[in-house]
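We name chains A, B, ... by the order of the sequence lines, and we start the count at 1 in each one.
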Amino acid sequence: MLTKGAYDPVQEEPGILKYWLDGKLFKPEYHAQRGLLSEEEVKQDERETFCIINPPPNAYMRPHIGNVSGYAYQDVMLRFNRMLGKKVLGQPGKDHAGIQGEVVVEKIFIEKEGKGKLEMGRDEFYKKAYDHFINIMPRIMADEQRIGLSSDYDRNVFTLDPRIVDTILGTFIKMFQDKMVYKGVRIVNWDPKAKTTLADIDTERISRESELVYIKYPLIKNMVWALSFYDQQVLSMVRDSTKSIETRALNPEEKDRFFGNIKTGDLLIAVEKSGEGVHHVYKKAGNIEIYKNLEEAFIKVEWTKVFGRNLNSVQELRDVYESLKPGYADLIEKNGLIAIELLDLLEDDYISVATTRAETMLGDTAVTVNPADPRYSGLIGKQVLLPIVNRPIPIISSVRVDKEFGTGAVKLTPAHAYDDYVIMNEWNAQNPAKAVGYINIIDKEAKMAGPIPQKYLGLATEQCRQVVKADLGNLVYKTEKIEQSIMIGERSKAVVEQIMSSQWFLDVEKLKEPAIKAVEKGEVKIHPGYMTKKYLNWMNNLRDWPVSRSLWWGYRIPVWYKGEITETIDENGQIVQSIAGEKVVDINDAVNKGLAAVGITSPQEGWIQDNDVFDTWFSSGQWPYATLKANGLLEAFYPTQVMETAYDILELWVSRMIMLGIYHEGKAPFKDVYLHGLVKAPDGQKMSKSKNNVIEPDSVIEKYGADSLRLLYLVGNKAGAGYPVSYEKLEGYKRFLNKIWNASKFVMGIVGELDPNQKPDLNPLDIQQINKTIELSKKIGVQISKFRLGLAAEELYQMFWHEFCDLYLEQIKPRVYTRDREGNPINTSQDELKSMASAKWSVVYILKTYLKLLHPFVPFITERIWQEMPKIQGESATIMYEKWPE
RNA sequence: GGCUGCGUAGUUCAGCUGGUAGAACGUUCGAUUCACAUUCGAAAGGUCACAGGUUCGAGUCCUGUCGCAGCCACCA
């Protein structure tokens, strides 16, 4: 019996779950009457399929009110299509959540056992984390059930389930064979706290005040070298155009040609005019001789001017060096050679750059200007002397440089700034002869490293920034405060460093084309339609996808090495990889040399597996076919019909599913993408933990019931648009539930023992009402099919309350009562009795129709009432398997 | 800077392919021992941001302006 008085969803709802969860009823792919189908039978069932893969929530924490909103939309579609008689599957799953998951469980372990992952070791940590996730999962699943999501929980899968792992790794191996995978040194976002690389999306930006430092880089006109020999070796100095000085032995011919009868202790001076090739000119101190190509420029050099006087001995050379201004000369002692490198700078001629990261100047490899900038265009190709390290670097050009910002000239640090990295690549592609390189000077601890002066080694970047700034002295001529947005790890909140590192990449060229076409051709439709542009914009600008993450929690990359794989910064600042001590260029090189192999299992005893795991999106992107395959339902349900998720992961997740789905299965994994907006806090603010305005679903469900919450998500809302939680609305929806309850109670009260199988002659008034209801069914059906769930819910709300209750029920009251207010018998004539019978039968019919129409939206109350309704033959025990009215 | 969305009643928002404005909540007035006071009836309240244009007709299409939000890139 339906209880007297008001409907209490909080009391009633938990009991209703048993109709769907107990026994075999909650198997969406078959009707209750037909019993549990085996996988084989599912395949033989030829009904049209309808499948929604539920976006797997993070398995480590319970969802908030916004996280579960999607289930309401998914469930409306699942229940609607189930009622249409389709073979329906809602496929639930739980996500291991990559970095987030690892950080969260480690924290729990540290709290509980005082042991972090390093103390546990990889295997123990993984095992414990796995158990932990498996244990929490039922709790998360209960939240899904509590909101009424009618998915097939017996087929719930965890992302790290071995059945899924095989598929994910298999895809990587296939891609490797298809030459779509490579491992290469590239700039990455490095989180020094979490010790992992981060995809752009795993980072966020915060704004902070920062100091823009203007630095003068001296332009180089000529470079003068002073050399001295003081032993029997005859040496020469050769200047590399972009790197540092190197010495080498001269061959006899050169020796004779350039040096003749030079004796140890003689002083030589060499001049090289920068940017115009190498011209060697030598002088012998005291007795000047010119051996080759006397340059006009050289002639003009007055040695007394350069040195202040003539030099006659090594000691004098040293004395001169001591007296020179720092930054203008360098003393070089190498292989028995002593030399002063003198830089003949253009007097007071500088190119100025502005930077917020002064310390990275130690790794600069060029200065970049806009080719259309008249201030600098004449300087392109010239060299500047990088202060402190005294390394000559070229001035190059790029249209990416903003003429307006700073000085219009940019210091190029390709190893530590993404944009600089891009500029380097573009420049090198267009100017292979004048290619510039990168110099990595920050290590994975965010400390200074590599080929930089000793005093900076090991300093934290921020600390080093101050030291460098001080050391630059008056080369820093201006500083200004600016608002700068810096990248931090989304989870760790640590400042992200961009560094060069070796990473696994997916070449997306082959992946993206068909995924773009699928959407352009409408094979995959995105709702709301305008989001299609977002998708295409993203896809068209897609770059190769770094898929490795330095974590333990996830799918370990199925690549094996013969020995330890190491990554070091060499003396030139280059990242060098070696396996078992042997240098390798890339993965193909390593495989060819027999030092690495790709496969699920180790090729040989003692080989070491790659330490990294895959980016979670690499696995999430395979979720549709991986889950179905794990359940043996791939053939029966792939491709699915609808993907319903939040609009903010359209690019991250949906695009990957389309790409990988087409790659792996030849077809996009779904036909329609329905994107819902984000639920906001009551004040219209975005819900976030930091604002402390997060609402738990329980807090709402325990007061208003899950059905009310579903209506909040549904009524009057449209795809893609966010909306605030409104307690007034929730209150209103609870009243609506009460209205359904009381109307049903009233109907059951007046019809009494009516046998709904006995259909009486119907009064035209009732027929009219029945037709109206049928018309409504069609309308609602169309709206749901067109993803206008909000309109459908709103219309139902209106029609049920104001048409059915306020008008029709009031209308039949005088026809169905047997006594008037004074207690006198009424409605006793034949005609009146006929009208009464018609009204009673019709009102039951119409109420049932409404319950069915309402069921996808408010499943709990409609199921509860359905259980009490007098059934006719062929009607299902639970309303969820009833036929959609038509 | 690029892209996108939004700007409609006091509030939160609907309004699909263009046809003289809708819901919920709130407000005001009235009803009521009836399935439901978690009710019913009625009313007030909007030149649909602004300015142009297309059209017989525009909240709906186009152009521009202003304001708000989001996303992407950048911030060297």
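- Comparing A:Gly716 and A:Ile750 along RNA chain B, the residue whose closest nucleotide (by nearest heavy atom) sits nearer the 5' end is A:Gly716.
- Here A:His802 reaches the OP1 or OP2 of B:rA24: one of its side-chain N or O atoms lies under 4.0 Å away.
- A:Gln498 and A:Asn189 share a donor-acceptor pair across their side chains, judged by distance under 3.5 Å alone.
- When the side-chain nitrogen and oxygen atoms of A:Tyr817 are compared with OP1 and OP2 of B:rA35, one or more of them lie within a distance under 4.0 Å.
- Side-chain proximity of A:Tyr418 to the nucleotides B:rA76, B:rA35, B:rC74 is greatest for B:rC74.
- A donor atom on one side chain and an acceptor atom on the other are found under 3.5 Å apart for A:Glu863 and A:Gln867.
- Across the protein-nucleic acid pair, A:Leu712 atom CG and B:rA24 atom P stand 16 Å apart, rounded to whole Å.
- Here B:rU38 presents its C1' atom at 13 Å from OH of A:Tyr7, a figure rounded to the nearest Å.
- Regarding A:Phe736, its CZ atom lies at a distance of 15 Å from the C1' atom of B:rA35, rounded to whole Å.
- In this structure, A:Lys745 atom NZ and B:rU38 atom P are separated by 13 Å, rounded to whole Å.
- The 12-atom threshold is not exceeded at NZ of A:Lys525, counting heavy atoms of other residues, nucleotides or ligands nearer than 6.0 Å.
- Listed nucleotides B:rA23, B:rA35, B:rA76 differ in distance to A:Thr356; the shortest reach to its side chain belongs to B:rA76.
- At a threshold of 4.0 angstrom between heavy atoms, the contacts of A:Ala417 with the nucleic acid are absent.
- Under a cut-off of 6.0 angstrom, the local environment of CD in A:Glu810 is crowded, with over 12 non-hydrogen atoms contributed by other residues, nucleotides or ligands.
- At a cut-off of 3.5 Å, with distance as the only test, no side-chain donor of A:Ser777 or A:Lys779 sits close to an acceptor on the other residue.
- Positionally, the nearest nucleotide of RNA chain B for A:Tyr723 lies more toward the 5' end than for the other of A:Lys813 and A:Tyr723.
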Could you spell out the base pairing of RNA chain B as a dot-bracket line? Use Watson-Crick and G-U wobble contacts where both distances are under 3.5 Å, [ ] for crossing pairs, | for partners on a different strand.
(((((((..((((.....[..)))).(((((.......))))).....(((((..]....))))))))))))....

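- Judged by a 6.0 Å distance limit and a 45° cone about the ring axis, A:Lys772 is not positioned over the six-membered ring of A:Phe804.
- Across the P atoms, B:rU20 and B:rU33 are found 41 Å apart, a figure rounded to whole Å.
- Of the candidates B:rA35, B:rC16, B:rC13, B:rA35 carries the atom nearest the A:Lys739 side chain, counting heavy atoms from C-beta on.
- The residue A:Glu731 sits apart from the nucleic acid: no heavy atom pair falls under 4.0 Å.
- Crowding of A:Phe746 atom CZ: a count of heavy atoms from other residues, nucleotides or ligands under 6.0 Å exceeding 12.
- Within 4.0 Å of A:Leu791, counting heavy atoms only, lie sugar-phosphate atoms of the nucleic acid but no base atom.
- Side-chain atoms of A:Lys680 stay outside donor-acceptor range of the base of B:rA69, with no qualifying N/O pair under 3.5 Å.
- Between B:rG64 and B:rU12, the two C1' atoms lie 30 Å apart (nearest whole Å).
- Straight-line distance between the P atoms of B:rC56 and B:rG15: roughly 28 Å, to the nearest whole Å.
- Distances shown here put a side-chain N or O of A:Trp801 below 4.0 Å from the OP1 or OP2 atom of B:rC40.
- Atom CG in A:Leu536 sits about 20 Å away from atom P in B:rG2, given to the nearest Å.
- Residue-environment remark: NZ (A:Lys813) exceeds the threshold of 12 foreign heavy atoms within 6.0 Å.
- Minimum atom distance to the side chain of A:Asp419 is reached by B:rC74, of the listed B:rA35, B:rC74, B:rA14.
- Checking the phosphate oxygens (OP1, OP2) of B:rA76, no side-chain nitrogen or oxygen of A:Thr355 falls inside 4.0 Å.
- Seen from the ring of A:Trp545, A:Arg656 counts as a face-on cation partner, given the 6.0 Å and 45° thresholds.
- What separates CG of A:Asn742 from P of B:rC34 is a distance of 13 Å, to the nearest Å.
- Taking the P atom of each, B:rC40 and B:rA35 are spaced 14 Å apart, rounded to whole Å.
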Please test A:Ile396 against A:Val367 for side chain to side chain contact (heavy atoms under 4.5 Å, CB included), starting from the C-alpha separation and ending with a verdict.
CA-CA 6 Å; A:Ile396 64 170; A:Val367 169; over 6 Å; no

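- Within the nucleic acid shown, A:Ala409 has no heavy atom closer than 4.0 Å to any nucleic acid atom.
- Of the candidate nucleotides B:rC36, B:rC25, B:rC71, B:rC25 has the atom nearest to the side chain of A:Arg735.
- A:Asp766 and A:Tyr808 are linked by a side-chain donor-acceptor pair at a separation below 3.5 angstrom, with hydrogens and angles left out of the test.
- Straight-line distance between the P atoms of B:rG26 and B:rG41: roughly 15 Å, to the nearest whole Å.
- Inspection of the A:Lys534 and A:Asn537 side chains reveals no N or O donor paired with an N or O acceptor under 3.5 Å.
- Taking the six-membered ring for Trp and thresholds of 30 and 60 degrees, A:Tyr797 and A:Trp801 have ring planes inclined between 30 and 60 degrees apart.
- Atom P of B:rA44 sits at a distance of 31 Å from the matching atom of B:rG18, rounded to the whole Å.
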Listed pairs, N/O of protein and of nucleotides 3-6 of chain B, under 3.5 Å:
none

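- Across all strands shown, A:Val353 has no heavy atoms under 4.0 Å from either base or sugar-phosphate atoms.
- For the pair A:Trp427 CH2 and B:rA76 P, the computed distance is 23 Å after rounding to whole Å.
- Judged by distance alone with a 3.5 Å cut-off, a donor-acceptor contact links the side chain of A:Glu810 to the base of B:rA35.
- What separates CD of A:Glu480 from C1' of B:rA76 is a distance of 13 Å, to the nearest Å.
- In this structure, A:Asp648 reaches neither bases nor backbone, as no heavy-atom distance under 4.0 Å exists between it and the strands shown.
- For A:Ala743, the listed nucleotide lying nearest its side chain is B:rA35; candidates were B:rA76, B:rA35, B:rC25.
- Listed pair A:Lys734 / B:rC36 fails the phosphate criterion, with no side-chain N or O lying under 4.0 Å from OP1 or OP2.
- A distance of about 30 Å separates the P atoms of B:rA24 and B:rA69, rounded to the whole Å.
- On the C1' atoms, B:rA14 is 12 Å away from B:rG59, given to the nearest whole Å.
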